[in-house]
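Taking it in order: structure first as structure tokens, then the write-up.
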Number of protein chains: 2
Amino acid sequence: MASVSSAADRSLPLRERKKLRTRRALADAALRMFTEKGFDATTLEELVDEVEVSKSTFFRTFPAKEAAAIEAEVELWSANLTALRDHTLSGVILTEMKDILCGVVTGLDADWPDRYVATRRLVLTAPTLMAYAAHHRADIQQQTGDLLADKLNLPLGDLRPQVLAELTTTAWTIAARAWVRTGGQGGRQSLLESVEHAFQTIPASLELSAQTER
Amino acid sequence: MASVSSAADRSLPLRERKKLRTRRALADAALRMFTEKGFDATTLEELVDEVEVSKSTFFRTFPAKEAAAIEAEVELWSANLTALRDHTLSGVILTEMKDILCGVVTGLDADWPDRYVATRRLVLTAPTLMAYAAHHRADIQQQTGDLLADKLNLPLGDLRPQVLAELTTTAWTIAARAWVRTGGQGGRQSLLESVEHAFQTIPASLELSAQTER
DNA sequence: AACAATACTGATACTGAGTACCATTTGACA
DNA sequence: TGTCAAATGGTACTCAGTATCAGTATTGTT
């Protein structure tokens, strides 16, 4: 389980390193400024002035203003897709999905948990951001489902890989929501416990009944 | 199970009827024009000219250009929330959720299935629409989860209502996707069968394993 | 049936995100 | 060092979305 993305990766061509640096700088500034001033109140011009790049460069790096704000989210799911791709599945898939996801969380940069908490809190403040994050999640889900179907050699009509992909993101979303609500206290470890708990809650939810419950 | 929304509802004050009429006209024109010319290629001006209202009126009716395109989706979930609110839960909740949803589908306008198919197909063509639809889904999920927690008197930390809400929209999304892919053939009836199937697939997915499967 | 009070519409002017285009600079590589 | 490719910055543009206000239609009251 190698650490995938660190800030200054030698061995990468200089040009690529520069691009990565501005990408990182833009994402950091975006998270900070949007949190301080509000997403709508911060114009793109202010953002690019801060980082000292042009608007052109911004849109060559990110497809939208919103994208710069949810980099931490993107990092998580890109890494997860890669991990799933490189993993040989065996046993109960949903459990495997949970383990892969937990492995990814463990492998991310040291500053990732803080950035993720800040990101999720920010997302709650602006509907536009909410929409963008939801879209990203749907996108990831689709890709995960397709990848699963491929890895398991399942026919096109089989709904199970899509369902599994959705269950995975569902479990994550719910676990993360609870963890973020605590301010990310307990760090990575408590997040992992929250994820375990959420995955366990799925079968428990299926059986939930009224009457007997009150 | 009363039919909720028909085009010209008497007994409503004139002012409200007019608003509903323009809303309907805008949504219809939007669906048609976006499908014909493409979402991005159709400007808001063209749309409001067609319906002969001002841009001002458009934005008092819909919060965004995208919203006019997904009215069929909004109608479905608004009706579902209302139905859930008015329903007394008993027995296995997930089954109840399925039944309520199926009841809502049965109760919608005669032209709803066609409009829904057109909507979903349109959504696939424009990322902006995709994002907006995903956002709407997330919004509905949240409200459904909160409503469930309230109706079942569950404490704030309990993840199960949120999971159930997500499972419900998940099942719907997957069922609808399959149904739309067939062009909505078989109409409402085959959609309902697809929904049944998707709900059954959820427990089946939990147990899916590798090895034994290939 | 006339009259406030109130809600809705339309027009205008504005902000800011995102795109298209081109001239300039910078890194890659022989 | 020189040449090619690729990234950058600047300018001008389109269009969604907001704010404001004057005019018009609807409601409910007397």
Side-chain angles (χ1 to χ4, degrees), chain A residues 8-27 29-30 33-34 37-70 122 125-133 135-136, chain B residues 8-27 29-30 33-34 37-70 122 125-133 135-136:
Chain A
D9 203 339
R10 283 321 160 103
S11 82
L12 228 58
L14 173 59
R15 199 179 260 169
E16 296 302 313
R17 262 182 288 163
K18 271 194 165 179
K19 270 207 287 185
L20 257 176
R21 240 195 307 137
T22 46
R23 188 189 179 88
R24 243 344 210 326
L26 280 169
M33 295 173 79
F34 293 165
K37 275 198 61 173
F39 178 76
D40 288 323
T42 310
T43 68
L44 213 63
E45 208 188 328
E46 293 173 307
L47 175 59
V48 297
D49 279 0
E50 176 86 7
V51 185
E52 292 181 299
V53 294
S54 68
K55 227 176 63 166
S56 311
T57 299
F58 179 91
F59 282 108
R60 277 187 212 104
T61 313
F62 296 104
K65 187 185 173 190
E66 289 84 1
I70 63 160
L122 175 60
T125 66
T128 346
L129 274 177
M130 201 72 185
Y132 198 85
H135 170 236
H136 175 248
Chain B
D9 203 339
R10 283 322 160 102
S11 82
L12 229 57
L14 173 61
R15 200 179 261 167
E16 297 301 314
R17 262 181 289 162
K18 274 193 167 179
K19 271 207 285 185
L20 256 176
R21 239 194 309 136
T22 45
R23 188 189 180 88
R24 241 353 208 323
L26 281 170
M33 294 173 79
F34 293 166
K37 273 198 61 172
F39 178 76
D40 288 324
T42 310
T43 68
L44 214 65
E45 209 188 329
E46 293 173 306
L47 176 59
V48 297
D49 280 0
E50 176 86 6
V51 185
E52 292 183 300
V53 294
S54 67
K55 225 175 66 165
S56 312
T57 299
F58 179 90
F59 281 107
R60 278 189 211 101
T61 313
F62 297 104
K65 186 185 173 190
E66 289 83 2
I70 62 160
L122 175 61
T125 66
T128 346
L129 273 177
M130 200 70 183
Y132 199 85
H135 170 237
H136 175 250

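Since we're looking at a predicted model, the values are computed, not measured. Hydrogens, waters and symmetry mates are skipped; everything else that's a heavy atom, side chains included, is used. Just so we're on the same page: letters track the sequence lines, and every chain starts at 1.
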Contact nearer the 5' end of DNA chain D, comparing Glu66(B) with Glu52(A): Glu52(A)
What side-chain donor-acceptor pairs closer than 3.5 Å can you find for residues 61-68 of chain B, not counting sequence neighbours?
{"unit_1": "Thr61(B)", "atom_1": "OG1", "unit_2": "Thr57(B)", "atom_2": "O", "d": "2.7"}
{"unit_1": "Lys65(B)", "atom_1": "NZ", "unit_2": "Phe39(B)", "atom_2": "O", "d": "2.9"}
{"unit_1": "Lys65(B)", "atom_1": "NZ", "unit_2": "Thr42(B)", "atom_2": "O", "d": "2.8"}

Lys18(B) vs dC8(C): side-chain N/O to OP1/OP2 distance below 4.0 Å: no
Lys19(A) NZ - dT8(D) P separation (whole Å): 7 Å
Length of the OH-C1' vector between Tyr132(B) and dG17(D), whole Å: 12 Å
Lys55(A) NZ to dG18(C) C1', straight-line distance once rounded to whole Å: 7 Å
4.5 Å side-chain heavy-atom contact, Phe34(A) and Thr125(A): no
Proximal nucleotide (of dG10(C), dA20(C), dA17(C)) relative to the Thr57(B) side chain: dG10(C)
Residue Leu44(A), side-chain heavy atoms: nucleotide from dG10(C), dA17(C), dA7(D) that is nearest: dA17(C)
Sugar-phosphate only, base, or nothing, as touched by Ser56(B) at under 4.0 Å among non-hydrogen atoms: base
Distance, rounded to the nearest Å, where Phe58(B) contributes CZ and dA16(D) contributes P: 9 Å
Phe59(B) side-chain proximity, nearest of dG18(C), dG10(C), dG17(D): dG17(D)
Atom-to-atom span, CZ of Arg23(A) to C1' of dT8(D) - whole angstrom: 17 Å
Between C1' of dG27(C) and CZ of Arg21(A), the distance in whole Å: 13 Å
Nearest listed nucleotide, side chain of Ser54(B), among dT9(C), dT19(C), dG27(C): dT9(C)
Inter-residue atom distance Lys37(A).NZ - Leu47(A).CG, 0.5 Å rounding: 11.0 Å
Side chains of Val51(B) and Thr22(B) in contact at under 4.5 Å (non-hydrogen atoms): no
Residue Thr43(B), side-chain heavy atoms: nucleotide from dG10(C), dA25(D), dC15(D) that is nearest: dC15(D)
Greater than 12 external heavy atoms within 6.0 Å of Glu16(A)'s CD: yes
Among dA16(D), dA28(C), dG10(C), the one nearest Lys65(B) by side-chain distance: dA16(D)
Between C1' of dA7(C) and CZ of Arg60(B), the distance in whole Å: 10 Å
Whole-Å gap separating C1' (dA17(C)) and CG (Leu129(A)): 14 Å
Sugar-phosphate, base or nothing in reach of Pro63(A), heavy atoms under 4.0 Å: nothing
